[in-house]
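Before any comments, here is the structure.
If you read the sequence from its start, that first residue is 1, and numbering goes on from there. Quick caveat, the model's predicted, so the values are computed rather than measured.
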Amino acid sequence: MNKSHFALSLIGAFTLTLLAGCTMEPHYQRPALPVASSWDGAKTGAAQDIGWKAFFSQPAMNQLIGMSLTNNRDLRVAALNVDTARAAFQIDRAALLPTLDASAGETNQHLPGGLYSTQSTGPVTYQQYSANLGVTSYEVDLFGRVRSLRDQGLETYLATEATQRATQISLVSEVASGYLSLAADNDLLKLAINTANSQNKSYELTKRSYDSGISTSQDLVQAETTVRAAQADIAQYTRQVRQDVNALTLLVGTTIPPRLLADATLQQDWKFPQTPAGLPSDLLTRRPDIIAAEHTLKAANANIGAARAAFFPSITLTGTAGSESGSLSKLFDGGTGAWSFMPSINIPIFDGGVNQANLDIAKDTKKIDIANYEKAIQTAFKEVSDGLAGQATYKDELLARQQDADANQRNYDLSQMRFKGGIDNYLSVLVAQRSLYSARQTLITTQLAQLNQDISLYKALGGGWKE
């Protein structure tokens, strides 16, 4: 055979490759939604259309989120995981193409006389030079095994990319919630300090009354217990504020300028944009965790194709073409051409059940990934339903808490007036004061809960990625 015959052989091999379009992957069909088709009273729309900068518009919170997207280590690792998955996919895709290698070599050899090959010539020393271009161990993908592995790599990369988006959404919501927790604890600390100061004045007044023989020892002890309780609350909320700052610093990933945290309070006009819920099916394209779960399912589906193809013969091509000469100066002269073509076929006959076991594993893995995909949808549905329930009820609860705090304030004022007028003893004042303190604490925690549920609903609907 001459060079033209070798070229024809390679062309024939590549033609086989082009014709090898079949795949043994099962036809992919998205599983049906394992949840109801709608939410009660939900407004249509898309939460992801509201960028996080528009949703979290409070300046300090906005700056903290921006800093976290630059410095948070979990997000940085997620981005590096995407780069790694992209590189792995490129490796899988490269297996579909033949690998061309160029090589050049020199051989020097001396044979002594007296050998069978040198009996007539005596000692021989010779040199040989070669230059070649060849295809090494290229698998003709007749049954789609390599294609399936490429598809699996692509879906794994896409799943990793979606997971990065899910990580960002979680980070955005965590920073926002962390800032609100700091604001609430600041308000609770301020409330505890003010209450402690007020109760300490009441204690001093009761002590003077006791020293004058007007108040009883029981009045004095009861007044002291309220002071000590408020002092304990001051220590508790001071600790919580410091821990809130530490948690935010970890999320942001760098030192936070004190000015961003100095004025954190819920006593502002906090109001996030109304988040439209849309339909449950919209979550399939909004929620990165669901998108990632479906890509993982598709990767498992592709892996079944690769496992099935392992039962069929595989064809591997190895070939080179080049020039060989005993003299380097004549390496590329006429008549020095050389070639080799070594196709091989591997037919699986007996493997002890390995191929069948791999196929069973691939099928079971797909079943597991279907369950994980459905669980991701059910979890998303539950989170959105919880958010909508909170959206519908927190407004009424917060109004009731505010009215309760106002009523307790009036009761406390009346108790003080009755005590000063000699109508009631000081115990009624202490009871009213404790009730007012508790009502104000509950009002703050309810405000925090309402704002956090707005953030949770925004996150549950897939918001927080845009920008």
Side-chain angles (χ1 to χ4, degrees), residues 1-24 87-154 305-351 355:
M1 293 179 81
N2 53 29
K3 289 184 178 179
S4 62
H5 291 152
F6 173 72
L8 288 174
S9 298
L10 287 181
I11 292 173
F14 294 145
T15 302
L16 282 176
T17 302
L18 294 175
L19 293 175
C22 68
T23 176
M24 309 201 75
F89 165 61
Q90 290 173 346
I91 293 173
D92 293 333
R93 184 175 58 181
L96 285 169
L97 302 174
T99 301
L100 296 177
D101 295 315
S103 63
E106 175 188 359
T107 300
N108 294 286
Q109 187 174 18
H110 174 79
L111 298 176
L115 298 178
Y116 178 79
S117 59
T118 58
Q119 286 180 352
S120 60
T121 62
V124 176
T125 298
Y126 69 91
Q127 294 82 32
Q128 180 176 340
Y129 301 90
S130 64
N132 296 289
L133 180 68
V135 176
T136 305
S137 299
Y138 172 62
E139 180 178 344
V140 180
D141 194 28
L142 291 175
F143 300 99
R145 189 188 75 87
V146 181
R147 292 175 191 275
S148 294
L149 292 177
R150 177 207 59 185
D151 293 344
Q152 181 187 25
L154 173 61
R308 285 176 173 174
F311 286 88
F312 294 86
S314 61
I315 298 175
T316 303
L317 304 180
T318 301
T320 61
S323 179
E324 294 188 9
S325 174
S327 172
L328 181 61
S329 62
K330 298 180 179 180
L331 180 60
F332 296 104
D333 289 352
T336 61
W339 60 267
S340 67
F341 181 59
M342 295 171 288
S344 65
I345 183 170
N346 177 52
I347 302 175
I349 298 177
F350 177 76
D351 62 4
N355 283 340

* **From Leu100 atom CG to Thr320 atom OG1, the distance as rounded to the nearest 0.5 Å** => 12.0 Å
* Partner set under side chain to side chain contact (heavy atoms under 4.5 Å, CB included) for Ala306, not counting sequence neighbours -> Arg145, Ser148, Leu149, Asn303
* Can you find a heavy atom in the side chain of Thr99 that is under 4.5 Å from one in the side chain of Val135? -> no
* To do: Using side-chain hydrogen bond (donor to acceptor under 3.5 Å, both in side chains) as the criterion, list what pairs up with Gln90, not counting sequence neighbours.
  => none
* Donor-acceptor contact below 3.5 Å, side chain Asp141 vs main chain Val146 -> yes
* Asked: Can you name the nearest heavy-atom pair linking Asn355 to Ala310, along with the distance?
  -> ND2-O, 3.3 Å
* Can you sort out the partners of Asn346 under side-chain hydrogen bond (donor to acceptor under 3.5 Å, both in side chains), two or more places apart, ordered by chain and number? => none
* Asked: Atom CZ of Phe89 and atom CG of Asp151: how far apart are they, to the nearest 0.5 Å?
  -> 8.0 Å
* Taking all non-hydrogen atoms of both residues, which atom of Glu139 and which atom of Ser314 are closest, and how far apart? -> OE2-CB, 4.1 Å
* Set of side chain to side chain contact (heavy atoms under 4.5 Å, CB included) partners for Thr316, sequence neighbours left out -> Ser137, Ser344
* Asked: Quick one: does Tyr138's side chain have a donor or acceptor within less than 3.5 Å of a partner on Leu96's backbone?
  -> yes
* Could I get the full list of ring-ring contact (aromatic ring centres under 6.0 Å, His included) partners for Phe312, not counting sequence neighbours? => Phe143
* So, for Arg150 and Asp92, which heavy atoms are closest and what is the spacing to 0.1 Å? -> CA-CB, 3.9 Å
* 4.5 Å side-chain heavy-atom contact, Phe341 and Leu317 -> yes
